[in-house]
Amino acid sequence: MRPVAVVSYAQHASAREDNRNEVEILLPVLREALEPTGLTTQDIGFTVSGSSDYLAGQAFAFVSALDAVGPWPPIAESHVEMDGAFALYEAWVRLQHGDIDTALVYAFGKSSPGDIARVLSLQLDPYLVGPLWPDAVSLAALQARALLDADGIGEKDLARVVARDRRNAAGNPHAQVSEQTDEATLLAEPLYADPLRKHDCPPVSDGAAVVVLAAGDRARELAERPAWIRGIDHRIEGQYVGSRDLTVSASTRIAAQRAGVDGRADLAELHAPFSHQELILLEALGLDEDTTAVNPSGGALVSNPVMVAGLVRIGEAARRVSAGEGQRAVAHATSGPCLQQNLVCVLEAEQ
Amino acid sequence: MSAADGSKPVKGIVTPIRLDYRYTPGAAQSRFLHGLKEGRLLGRRCPQCGKVYVPPRGGCPMCGVEFAEEVEVADTGTLVTYAVVNVNFANRVIDLPYISGEVLFDGSDMTSMVLVQGVSPDEVRMGMRVRAHWLPRDEWDYSFTNIDYVEPIDEPDADYESFKEAL
């Protein structure tokens, strides 16, 4: 495989943006990511974005977002109606062709214009499950209940995840929630969607993220310490939530195996919008919290711009590797209800 | 065709979908909409290529840079192209035939689609000079429909060279 690295990354996330639209949020993030590389959007070999028109409630919203890129004269450009992490996968594949050396990946999404938990119901099959309108929080609660009913995991474990993520969020300027708290305090909160409490669910976030990828020596020219993608893979499970064992993540396990996670990581950024999903993911990834710093950014529980949060996991992991906070990182992104589709990416600094 | 047990096949189901959104036009378009409420056309100029966008977007789609300077453009302009409409759209009640035009308001580099009145289909032409006819002031809203239509003004036609970029 051709070596490809993350050479730059920027993000913006916040609670409801009442004034700026998607393009206005994206423009400064694009500038921030490109500036350190000295590249312009016209220098980039391949540009790809991840977003969902259902968030804005506007057909072809992703096309107007191209305003931010300045695609004239025409550029080579693509889009996935998914989280930007999956757009990054497309860019990585495209770079394997060998004829271009750089790729620009961007993701944007405002979760605030609609009722995001209901908007996400449109991911479900339109005939049998969709018409029942189970919202994203209710589906996640069903998964959490299944997990708690299985052996060995209790509410306290969920609270431990939340407390850790909220503590970690202290250093994250994009976090919407950040506090020093403990399990007992969290468990005293009322239930929201049994067995989940509000803090087990993600905040509603608007945001954008941009990653610049480069291959081989071009990456070494563009960044002092590129974060090399040593392995990347994604797998999907069946559409019917009821036909899956929700207490495990088979797709994450396979993706982790193929990406070469091998139980080793100094840090891991997991895209778990609900607390119990972190526990499922750690198990599937084969990572141990004693040896791996989990969600040093605070993860999706402290900031969750839908369609962006997965790319942010890769960006945050890469940023920490580039900053020397770790030699090897695992980033994970998810899509669909109850961890239906999962992407795993292993990032390393130069040996 | 029927299933093995003799039951009739289900050929379709209706599954209603309703989602409500609170739309955010964005900073630039909000300014534009506020301008319309006051009977003004507010655009923005790209600092790189100099083009003035009305209505303004978040940034220049050609250059990919943020707009900075706000520019007010005139409500007079040039009809750069048009279509004579002989079939009404659903829910649209205008006497046929009518003229739908693309108008380059003076000071703008982008055309706007507006209804053209006060000229017959056999006399309308590219390059005609026009002026916006606004609804009565008390009907103004945050909407481009404040401009009811454009109508010809007594000026010589604009030279083709002056508007060919906008076509």
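Chain naming here is simple, since letters A, B, ... match the order of the sequence lines and numbering starts at 1 in each.
For a heavy-atom cut-off of 4.5 Å, chain A lies close to no residue in residues 32-40 of chain B. Among the residues in residues 62-86 of chain B, those with a non-hydrogen atom closer than 4.5 angstrom to a non-hydrogen atom of chain A are B:Met62, B:Cys63, B:Gly64, B:Val65, B:Glu66.
Between the side chain of A:Tyr127 and the main chain of B:Ile13, no donor-acceptor pair closer than 3.5 Å is present.
Within 6.0 Å of atom CG in B:Asp138, more than 12 heavy atoms from other residues, nucleotides or ligands are found, so the atom counts as buried in its surroundings. Residue B:Glu161 qualifies as enclosed at atom CD: its count of foreign heavy atoms under 6.0 Å is above 12. The number of heavy atoms from other shown groups lying within 6.0 Å of OH (A:Tyr54) does not exceed 12. Around CZ of B:Arg129, the count of heavy atoms belonging to other residues, nucleotides or ligands within 6.0 Å exceeds 12. Heavy-atom contacts from other residues, nucleotides or ligands closer than 6.0 Å to CH2 of B:Trp140 number more than 12.
The part of A:Pro126 that comes within reach of chain B is its backbone (N, CA, C, O), which places non-hydrogen atoms under 4.5 angstrom from that chain. When heavy atoms are compared at a cutoff of 4.5 Å, B:Arg18 approaches chain A solely by way of its backbone atoms N, CA, C and O. Residue A:Asn19 touches chain B through both its backbone and its side chain, counting heavy-atom pairs closer than 4.5 Å. Only the side chain of A:Leu122 comes within less than 4.5 Å of a heavy atom of chain B; its backbone N, CA, C and O stay farther away.
Proximity of A:Glu17 to B:Thr24: side-chain heavy atoms (C-beta onward) are nowhere separated by under 4.5 Å. Contact check for B:Leu19 versus A:Val119: side-chain heavy atoms found under the 4.5 Å cut-off.
Interface remark: of the candidates A:Leu30, A:Asp67, A:Val69, A:Asp67 forms the most heavy-atom pairs closer than 4.5 Å to chain B.
Nearest heavy-atom pair, B:Arg22 versus A:Arg16, reported as atom, atom and distance to 0.1 Å: NH2-CD, 3.0 Å. Across all non-hydrogen atoms, the minimal contact from B:Pro61 to A:Pro71 is O-CD, 3.1 Å.
With rounding to the nearest 0.5 Å, the separation of OH in B:Tyr23 from CD in A:Gln58 is 5.0 Å.
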